[in-house]
J.: 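Let me give you the structure first, and then I'll get to my questions.
Lettering follows sequence order; numbering is per chain, from 1. Reckoned from all heavy atoms, side chains included, excluding hydrogens, waters and symmetry mates.
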Number of protein chains: 2
Amino acid sequence: MTRTPIWKAISDTLRDDIGDHIHRPGDKLPTEAVLAARFGVNRHTVRQALAALADEGLVRARRGAGVFVTATPTDYPIGQRVRFHQNLRAAGRSPAKKLLALDTRTATKAECDALQITDAQVHVYEGLSLSDGQVIALFRSVFPASRFPHLPDYLRRDPSVTAALRASDVPDYTRASTRITAKLASATQALHLQINEGAPILRTTNINVDASGTPVEAGMTWFAGDKVTLTLGAD
Amino acid sequence: MTRTPIWKAISDTLRDDIGDHIHRPGDKLPTEAVLAARFGVNRHTVRQALAALADEGLVRARRGAGVFVTATPTDYPIGQRVRFHQNLRAAGRSPAKKLLALDTRTATKAECDALQITDAQVHVYEGLSLSDGQVIALFRSVFPASRFPHLPDYLRRDPSVTAALRASDVPDYTRASTRITAKLASATQALHLQINEGAPILRTTNINVDASGTPVEAGMTWFAGDKVTLTLGAD
DNA sequence: CTATATTTGTCCGTATGTATC
DNA sequence: TGATACATACGGACAAATATA
């Protein structure tokens, strides 16, 4: 077991500070000399930490001016109505989705339980969620195939779940339950989310129901822990 | 970079299955031989995975009978009213708190923002949250000292925040906001939470307000990712 | 209650890759 | 470079506890 290098500890601290909005986007970080004094290390050690943050796209250094915060973890509100595109646009982000896979197969026992169906086919929709062009989440949604026979066609035309469900005669849906756990990124997840294997992941398991309370979607989303903050209530 | 051992991958899979309620408390897991066949490994490798789960207290093996699920990650509901003791008792758990530190100091800038106060003293309450005797979370709460001068005395007598606030003329409080991120456990956190360094952590940052909407508490809680599932809405 | 099969616990060993000195 | 220790993974054999016919 090799202990964490000092520069990494410093970059972690600064990343947390940015995530906690102690340094907001546009803010100028303290100068390298000040940071070096605060952490009691050489300026080069601080530079290595800042270089790591710059590499992640969190900060940008301008010669002669200072180091500025460029990005902050995306706030992702979760509540009664969770809509990916609306949520991100409301937060001033530009949302996008990338389709990874879309097929139909027999549901597992857990999926049957979640969707309250008995031994049936489900559509499986896997993809990536992007915020400002950066991958923030990997998701997998399953839908009862018998009720939504043409859903895959709709999703292929428009990746929005909201739109596809509306086209399937579900004008509105609400979130019945959300379960949140923390995990470590597996190799494949890390690849998709463009993070390191073993990086922290926020995993949410959710069920969306239609107006009558019948489940229409069971989803699982893996958020890159460093890139997203789930929020509840007003900020 | 050393890849993850097979036994760990297996224990992770089983832990997820237990967390997803595929195997419920009291259930008997498939026999070691069956699991070995399913994962295509030697029985000893499965045994090592099961030993890890037994060490975490998730399963218990009975010679001649099988391996049984003893616990499931604690469901921790978060919503408008978050009460540690009430939440856990409602979930059939036995809650407890352990006081780590209780002192009064000058508030940081972030704490002033959260509590909507200007340059004042705050009480800092740090401790551990236990469920069925197992540590599930590490927390730090800050309270405005000017408004609650005797709060530390109340907390020393009874670790319940709800009780201490009630004694301080705050009969009720609600959660104004919750922010959730995933982190990796630092060495000190790992020590307190009795997990490994680098294990996944759910960190929530929250603000509780009184009936008039004035912040009374700003808290940060670090949940052991493997031991807790945050839940929203009915399950 | 008695056999018998099942299942976990413990011991022996072999081989391989990795980290450390 | 070599020597050593450690973790991982596999294979087999048998003992001990349990379930069941």
Side-chain angles (χ1 to χ4, degrees), chain A residues 1-12 41 45 48-49 52 108-110 181-191 195-201 203, chain B residues 1-74 132-135 183-201 224-227:
Chain A
M1 187 72 195
T2 159
R3 70 182 183 286
T4 51
I6 297 176
W7 67 265
K8 200 159 197 175
I10 294 174
S11 71
D12 286 349
V41 298
T45 311
Q48 190 162 6
T108 67
K109 184 173 158 293
T181 51
K183 299 275 172 194
L184 299 183
S186 70
T188 30
Q189 289 167 351
L191 193 67
I195 54 179
N196 290 324
E197 186 173 349
I201 294 261
R203 193 194 71 172
Chain B
M1 189 69 193
T2 162
R3 69 185 184 285
T4 50
I6 298 176
W7 66 264
K8 202 160 197 175
I10 295 174
S11 71
D12 286 348
T13 305
L14 293 174
R15 192 184 301 103
D16 280 2
D17 287 352
I18 294 171
D20 293 343
H21 296 183
I22 292 174
H23 305 297
R24 287 157 193 279
D27 282 3
K28 178 178 173 298
L29 288 185
T31 67
E32 294 173 350
V34 170
L35 288 174
R38 175 182 305 170
F39 290 108
V41 298
N42 191 276
R43 185 181 148 229
H44 291 296
T45 310
V46 170
R47 283 184 60 76
Q48 190 159 7
L50 291 172
L53 295 178
D55 195 56
E56 293 171 31
L58 277 179
V59 302
R60 230 172 83 100
R62 283 170 47 211
R63 188 194 307 209
V67 179
F68 297 82
V69 179
T70 53
T72 204
T74 303
D132 294 338
Q134 198 184 32
V135 184
K183 298 276 172 192
L184 299 183
S186 70
T188 29
Q189 290 167 351
L191 193 68
H192 281 131
L193 293 172
Q194 296 173 15
I195 54 181
N196 290 325
E197 187 174 349
I201 294 262
D226 287 335
K227 299 179 186 170

J.: Taking side chain to side chain contact (heavy atoms under 4.5 Å, CB included) as the test, write out the residues that go with Ile22(B), two or more places apart.
T.: Ala110(A), Asp17(B), Asp20(B)
J.: With a 4.0 Å cutoff (strictly under), does any side-chain N or O of Thr45(B) reach OP1 or OP2 of dC10(D)?
T.: yes
J.: With sequence neighbours left out, what residues match Leu184(A) under side chain to side chain contact (heavy atoms under 4.5 Å, CB included)?
T.: Leu184(B), Pro200(B)
J.: Write out a two-atom table: protein N or O, nucleotide N or O from nucleotides 15-18 of chain D, distance below 3.5 Å.
T.:
unit_1  : atom_1 : unit_2   : atom_2 : d
dA16(D) : O4'    : Arg63(B) : NH1    : 2.7
dT18(D) : O4'    : Arg63(B) : O      : 3.4

J.: Grab the CZ-P distance between Phe68(B) and dT7(C) for me, whole Å please.
T.: 11 Å
J.: Using heavy atoms and a sub-4.0 Å distance, could you list which residues of residues 29-39 of chain B are near DNA chain D? By number, please.
T.: none
J.: Could you say whether His44(B) or Lys28(B) is positioned toward the 5' end of DNA chain C, judged by the nucleotide with the nearest heavy atom to each?
T.: Lys28(B)
J.: Applying salt bridge (charged side-chain N to carboxylate O under 4.0 Å, His left out), can you list everything that pairs with Asp132(B), at least two apart in sequence or on another chain?
T.: Arg93(B)
J.: Kindly write out the residues that satisfy side chain to side chain donor-acceptor pair (under 3.5 Å) with Asp16(B), not counting sequence neighbours, or none if the list is empty.
T.: Lys183(A)
J.: Check every strand shown and say whether Leu50(B) touches a base, only sugar-phosphate, or nothing at a heavy-atom separation below 4.0 Å.
T.: nothing
J.: With a 4.0 Å limit, can you tell me whether Gln48(B) has a side-chain N or O closer than that to the phosphate oxygens OP1/OP2 of dT8(D)?
T.: yes
J.: Give me each pair satisfying salt bridge (Lys or Arg N to Asp or Glu O under 4.0 Å) with a member in residues 51-67 of chain B, each pair once, sequence neighbours excluded.
T.: Arg15(B)-Glu56(B)
J.: Given dT8(C), is OP1 or OP2 found less than 4.0 Å from the side-chain N or O atoms of Arg47(B)?
T.: no
J.: For Ser11(B), enumerate each residue passing the side chain to side chain donor-acceptor pair (under 3.5 Å) test, keeping only those at least two apart in sequence or located in another chain.
T.: none
J.: With the side chain counted from C-beta on, respond yes when Leu29(B) and His23(B) share a heavy-atom pair under 4.5 Å apart, and no when they do not.
T.: yes
J.: By side chain to side chain contact (heavy atoms under 4.5 Å, CB included), which residues pair with Ala190(B), not counting sequence neighbours?
T.: Ala185(B), Ile195(B), Glu197(B)
J.: Tell me the side-chain hydrogen bond (donor to acceptor under 3.5 Å, both in side chains) pairs involving residues 24-33 of chain B, sequence neighbours left out?
T.: Glu32(B)-Arg43(B), Glu32(B)-Arg47(B)
J.: Which distance, rounded to the nearest 0.5 Å, do you find between the OG1 of Thr70(B) and the CD1 of Ile18(B)?
T.: 8.0 Å
J.: With sequence neighbours excluded, tell me which residues meet side chain to side chain contact (heavy atoms under 4.5 Å, CB included) with Ile10(A).
T.: Ile6(A), Leu14(A), Phe39(A), Val41(A), Thr45(A), Ala49(A)
J.: To the nearest 10 degrees, how far apart in direction are the end axes of the helix from dT2(C)-dA21(D) to dC21(C)-dG2(D), each fit to five base pairs?
T.: 10°
J.: Can you measure Asn42(B) atom CG to dT16(C) atom P for me and round it to whole angstrom units?
T.: 16 Å
